[in-house]
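Everything on this sheet refers to the single structure shown next.
Protein chains get the first letters and strands the later ones, always in sequence-line order, with residue 1 at the start of each. Values below: every heavy atom of this structure, side chains too, minus hydrogens, waters and symmetry copies.
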Amino acid sequence: MRLGAVARKEWIQLRRDVRSMILAFVLPMFLLLFFGYAIRWDIRDIPLAVLDQDGSPQSRELVEAFEASGYFSVKERPGAAREVADLLARGTVRAALIIPPGFAVDLAAAAGSGGEAGGAAGTDRSAPVQLLLDGSDANTATISLGYADAIVARYSSRVLLQGREVVLPVRAEPRVWYNPTLESANMIVPALVAVIMSIIAAMLTALTISREWERGTMEQLASTPVHRLEVVLGKLIPYLGIGAVDVSIAVAAGILVFGVPFRGSVLLLGALTLLFLIGALGVGMFISATLKSQVLATQAAIVATYLPALLLSGFLFDIASMPVVLRGITYIVPARYYVAVTRGIFLKGVGADVLWVQGLFMALFAAVGLGLATRMFRKEIG
Amino acid sequence: MTPAVALRGLTRRFGDVTAVSDVTLAVERGELFGIVGPDGAGKTTTLRKLAGVLGPREGDAQVLGVSVARDPERVKPHVAYMSQRFGLYEDLTVGENIEFYADLYRVPRAERPARLERLYRFSSLGPFQSRLAGNLSGGMKQKLSLSCALIHHPEVLLLDEPTFGVDPISRRDLWLILHEMVAEGVTVVVTTSYLDEAERCDRVALLDHGRVLALDSPARLQERLPGRLLAVRTNDPRRARELLKKLEGVRRAELFGDTVHLRFEQAAADETRVRSALTAAGIEVLAIEPLEPSLEDVFMELVAGAGNGANEELPDAETSREG
């Protein structure tokens, strides 16, 4: 009954506080849409400058191969090499393809020698083309390079074989599971739910105990026979409800707005979400009970959750390839487990037989978080 | 029967400041007990200690026979505490606040309508049930606090300056409620810096700098200053005051309208000496009467006697409010 009373009181206060309602419902949706659209790893239509100094049918064919791939889009056709440098510096294009004069001649020679000798080692004639990449964005540059290599290789083999059928000794048959089109939204959006809820949950509860100390209502509350655990759990309940609603909306938005497939069990996601939320809310509660000041507690909550959830959860960077110290730290970032849960359930459709480990860790985290919060919260002044 | 409240050698320091120093006192059941003193005297600290919201340090405080230091939670169901600062939720309505406290104290649902009806009648807050507590006036806020404190029928009521900053009408209402509670057998411990309010109490502890200077009924405290106060009425009060201030044996001379109030040292007041001194200076004496000492006079005297000669005045209310 007391637990219910604290929960009810907290909910009434939340409902009447516009700032809290924005933090609870508007901010998570904003972050989801913002990050969901802003973070993209698939790179298409890389703006390309082409300087074709050969002007032969062969050189035009190569340029066409670049455009037909869908990865590059020819934006500029400068007349001189000087202009290419300028276009790259301005960022008008991210890559430039320069085909030197004599390309067609060299190509014919290379194809001819390769053709008759069957790839004899003595002939090193080939037709060079120059590819300039904007390395200031290393990620895009690396990916562009990969695409360009593939396009040039395919073009070369076509020229070399001249339409003949050849069977290569080894052939890889790639099949990408879970995300066959390698759509980056599929990878980002489920994990984003975990990252956003880590931050929102801690920020929401960071205010709850510190506010009562600041407003002087805690002194009065402390004089009643209410148990510390009743206060901590009672305050948790409304936020747990808010968190569950947030996750539901975010999952729906992921499916409907971003077109992310949902292959697993809704029930399992629900159960693991509650475990995760209790832990994440417990972090904020602990901070709130310790710092007793709303401003400090909010800042601490952001610092304690934002960067770890963003960088150490496996959302942006693969945990397995982190240095061992950082990898160790990821074990105390609850978002780490929840990222695995959302990706697993959304994309892989895995069940409790796989995710019980994450569930166990999140349960442990929730128990420790709430235990610490209750321990730090004292019904005493000074 | 154990006393309702018993303090033995209670001491509390905050850093270098000793808020309460070796306070020993007992409050009988059903008593209206006042703790009086200037701001910073240690009233709030003492009350917080009794309410079990201040961590234990030296000495012991017992409420209803249970040690607050050792087992604060066992005392709390039978006690109500009203903090000096408004401690209810301003974003909850009057009714929601009372219901919340009724829930916390596990007041049976069946009993609530009758209790609420009575509290609303007492406090005249009935028409404001659905108003947010933050929109109430100072006096109404205090009455709401008291209502929340009384919802569970406490045996001991601890009130920290309940009438501070409250309008005279609400102040009277609050005291009416307190007297009614005492009549029902509730023990009330109330702190105040208003000495006229202290006179309403059964017994009063005078606190200064964390020490108990005196503890008795207001009447008995006032008897401690027999014949040492004189009211002197003359045709030239200002000059009379200047003159009498310098008279030997006079500790204080204060102007109240056209009357000079004189307070003498330990020796009894000397009416003849006053009269002759004034006459010699050409001031016409209209009347000299012995004055009934107020609690304030007693308090001043005790504070001065405690070796704080410089501390003759009550400290400025604004400079040192207890946190």
TODO: Report yes if the distance between the aromatic ring centroids of F377(A) and F286(A) is under 6.0 Å, otherwise no.
DONE: no

Open item on the list: Taking side chain as everything from C-beta outward and backbone as N, CA, C, O, which of these in L221(A) sits under 4.5 Å from a heavy atom of chain B? Side chain, backbone, both or neither.
Closed with: both

Open item on the list: Using only non-hydrogen atoms and a strict under-4.5 angstrom cutoff, which residues of residues 7-29 of chain A touch chain B?
Closed with: R8(A), K9(A), I12(A), Q13(A), R16(A)

- [ ] With a 4.5 angstrom heavy-atom cut-off, could you sort out which part of F86(B) is near chain A: side chain, backbone, both or neither?
- [x] backbone

Task: Segment of T93(B) engaging chain A (4.5 angstrom heavy-atom cut-off) - done: both

Task: Side-chain donor or acceptor of T18(B) paired with backbone N/O of S21(B) under 3.5 Å - done: no

- [ ] Look at the side chain of H152(B) and the backbone N and O of L104(B), then say whether any donor-acceptor pair between them is shorter than 3.5 Å.
- [x] no

- [ ] State whether a side-chain donor-acceptor pair under 3.5 Å links T187(B) with E31(B).
- [x] no

TODO: Look at V75(B), D103(B), V79(B), N97(B) and state which one has the largest set of heavy-atom pairs under 4.5 Å with chain A.
DONE: D103(B)

Open item on the list: Using only non-hydrogen atoms and a strict under-4.5 angstrom cutoff, which residues of residues 129-140 of chain B touch chain A?
Closed with: L132(B)

- [ ] Answer yes or no for R336(A) and F315(A): cation-pi contact, defined as NZ/CZ to six-membered ring centre under 6.0 Å and angle to ring axis within 45°.
- [x] no

- [ ] Using the test ring-ring contact (aromatic ring centres under 6.0 Å, His included), find all partners of F361(A) that sit at least two apart in sequence or belong to another chain.
- [x] Y337(A)

TODO: Keeping the roles fixed (side chain from R112(B), backbone from V107(B)), state whether a donor-acceptor pair exists under 3.5 Å.
DONE: yes

- [ ] Return yes if a side-chain donor-acceptor contact under 3.5 Å exists between Y89(B) and E96(B), otherwise no.
- [x] no

Open item on the list: Between R106(B) and chain A, with a heavy-atom cut-off of 4.5 Å, which part of the residue counts as in contact: side chain, backbone, both or neither?
Closed with: both

TODO: Mark yes or no for whether S288(A), through its side chain, and S210(A), through its backbone, hold a donor-acceptor pair below 3.5 Å.
DONE: yes

Open item on the list: Would you say T44(B) and Q84(B) are linked by a side-chain donor-acceptor pair, where the criterion is simply a distance under 3.5 Å?
Closed with: yes

Open item on the list: Taking E73(B) first and then K76(B), would you say they form a salt bridge - that is, a charged N and a carboxylate O separated by under 4.0 Å?
Closed with: yes

Without placing hydrogens or testing angles, list every side-chain donor-acceptor pair under 3.5 Å for residues 295-307 of chain A, not counting sequence neighbours.
unit_1, atom_1, unit_2, atom_2, d
T298(A), OG1, Q294(A), O, 2.7
T305(A), OG1, A301(A), O, 2.6

